[in-house]
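These notes are about the structure you will find just below.
Treat the numbers as computed from the prediction; the structure is a model and nothing was measured. When a residue number appears, it is its place in the shown sequence, counting from 1.
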Amino acid sequence: SGVSALQQIEQTTGIRFPQGAARIELARASDSDLLIRAKLAMTPAQWTAFLAPLTLPADAFEEEKRYLLGTNDGWWHPKDPTSLPTAQLTLPDAKVLNVGVDRTDPQRLQVYFVWHGT
């Protein structure tokens with residue numbers, strides 16, 4: 001069977017997604033630096049599992065950092081949720097992860113995921 005889109009992201013970024021996390025949309029741009037944008041659906045337990053290996057403290061997420069996710073573009077609409085706490089994590093090899101979480105539906109969180117080179 002083929003490699004799923006989430007598995008491809010894992011292979012590229014080294015970031016693991018919890019079992020059962022669902023891809024809503026995905027975009028890859030490969031100009032000079034690789035850029036991956038994905039929107040995922042996760043349960044609260046999957047979200048906790050996703051954060052655990054990232055060493056990203058819960059209090060790293062702030063509304064003021066939403067700008068890190070950029071502007072609305074088609075299926076990508078980080079400007080729309082009432083609340084979208086966002087955090088940034090600097091990774092090895094000059095890579096950056098920006099991640100925001102929309103808890104409008106507390107049982108199905110929408111996770112905005114941006115990974116790129118610096």
Side-chain angles (χ1 to χ4, degrees):
S1 69
V3 178
S4 77
L6 289 185
Q7 287 171 318
Q8 289 176 9
I9 296 176
E10 290 179 344
Q11 289 168 0
T12 303
T13 64
I15 294 165
R16 300 273 166 250
F17 296 102
Q19 189 70 37
R23 173 180 68 101
I24 299 171
E25 289 287 350
L26 169 69
R28 299 172 77 117
S30 50
D31 312 329
S32 54
D33 283 321
L34 196 60
L35 167 71
I36 297 174
R37 286 194 307 186
K39 196 158 67 163
L40 308 153
M42 296 183 194
T43 65
Q46 289 166 337
W47 172 244
T48 303
F50 172 70
L51 290 182
L54 295 178
T55 62
L56 203 55
D59 64 4
F61 287 84
E62 298 174 16
E63 286 294 336
E64 296 71 47
K65 294 182 183 171
R66 185 194 298 222
Y67 73 90
L68 293 168
L69 299 173
T71 57
N72 286 9
D73 178 16
W75 58 267
W76 184 259
H77 37 80
K79 301 279 187 232
D80 295 357
T82 328
S83 171
L84 189 66
T86 302
Q88 183 173 75
L89 183 63
T90 305
L91 302 167
D93 303 323
K95 299 294 189 284
V96 174
L97 172 64
N98 297 327
V99 62
V101 59
D102 171 4
R103 299 175 184 272
T104 303
D105 178 345
Q107 297 310 310
R108 187 174 190 268
L109 310 181
Q110 303 241 340
V111 177
Y112 288 76
F113 175 99
V114 181
W115 179 89
H116 62 88
T118 54

> Roughly how far apart are I36 CD1 and T12 OG1, rounded to 0.5 Å?
Replying inline: 4.5 Å

> Can you name the nearest heavy-atom pair linking S83 to E63, along with the distance?
Replying inline: OG-OE2, 2.5 Å

> Pairs in or reaching into residues 88-98: which pass side-chain hydrogen bond (donor to acceptor under 3.5 Å, both in side chains), with residues at least two apart or in two chains?
Replying inline: Q88-N98

> Any idea which heavy atoms bring L35 and V114 closest together, and the distance?
Replying inline: CD1-CG1, 3.8 Å

>> Within the structure provided, determine whether T86 and Y112 are in side-chain contact (heavy-atom separation under 4.5 Å).
In response: no

>> Please report the interatomic distance CZ(R66) to CG(L68), rounded to the nearest 0.5 Å.
In response: 11.5 Å

>> To check you understand the geometry: which heavy-atom pair defines the closest contact between L54 and L97, and what is its length?
In response: CD1-CD2, 3.9 Å

> G100 and L69: which non-hydrogen atoms are nearest, and at how many Å?
Replying inline: CA-CD1, 4.1 Å

>> Taking L89 as the starting point, is it possible to reach I15 by hopping between hydrophobic residues whose side chains are less than 4.5 Å apart?
In response: yes

> Are M42 and P18 side-chain neighbours, meaning at least one heavy-atom pair lies under 4.5 Å?
Replying inline: yes

> Any side-chain heavy-atom pair from N72 and P78 closer than 4.5 angstrom?
Replying inline: yes

> Going by heavy atoms in the side chains, are E62 and P85 under 4.5 Å from each other?
Replying inline: no

>> Quick check: do Q46 and L40 have side-chain heavy atoms less than 4.5 Å from each other?
In response: no

> Who else is in the cluster with I24 when I, L, V, M, F, W and Y are joined by side-chain contacts under 4.5 Å?
Replying inline: none

>> Parallel, tilted or perpendicular, judged at 30° and 60°: which one describes the rings of F50 and F17?
In response: parallel

> Which residues pass the salt bridge (charged side-chain N to carboxylate O under 4.0 Å, His left out) test with R23, sequence neighbours left out?
Replying inline: none

> Below 4.5 Å, heavy atoms only, C-beta onward: do V99 and F61 meet side chain to side chain?
Replying inline: yes

>> Can you give me the closest heavy-atom contact between W75 and H77, atom names plus distance?
In response: O-CD2, 3.1 Å

> Ignoring hydrogens and geometry, is there a side-chain-to-backbone donor-acceptor pair from Q110 to V101 under 3.5 Å?
Replying inline: no

> With hydrophobic residues grouped by side-chain heavy-atom distances under 4.5 Å, do L84 and Y67 end up in a single group?
Replying inline: no

> Shortest non-hydrogen contact from W76 to T71?
Replying inline: CD1-O, 3.4 Å

> How far does CG of L109 sit from OG1 of T43, to the nearest 0.5 angstrom?
Replying inline: 7.0 Å

>> Are Q8 and L26 packed together at the side-chain level, in the sense that at least one heavy-atom pair is separated by less than 4.5 angstrom?
In response: no

> Roughly how far, to the nearest 0.5 Å, is NE2 of H116 from CG of L91?
Replying inline: 9.5 Å

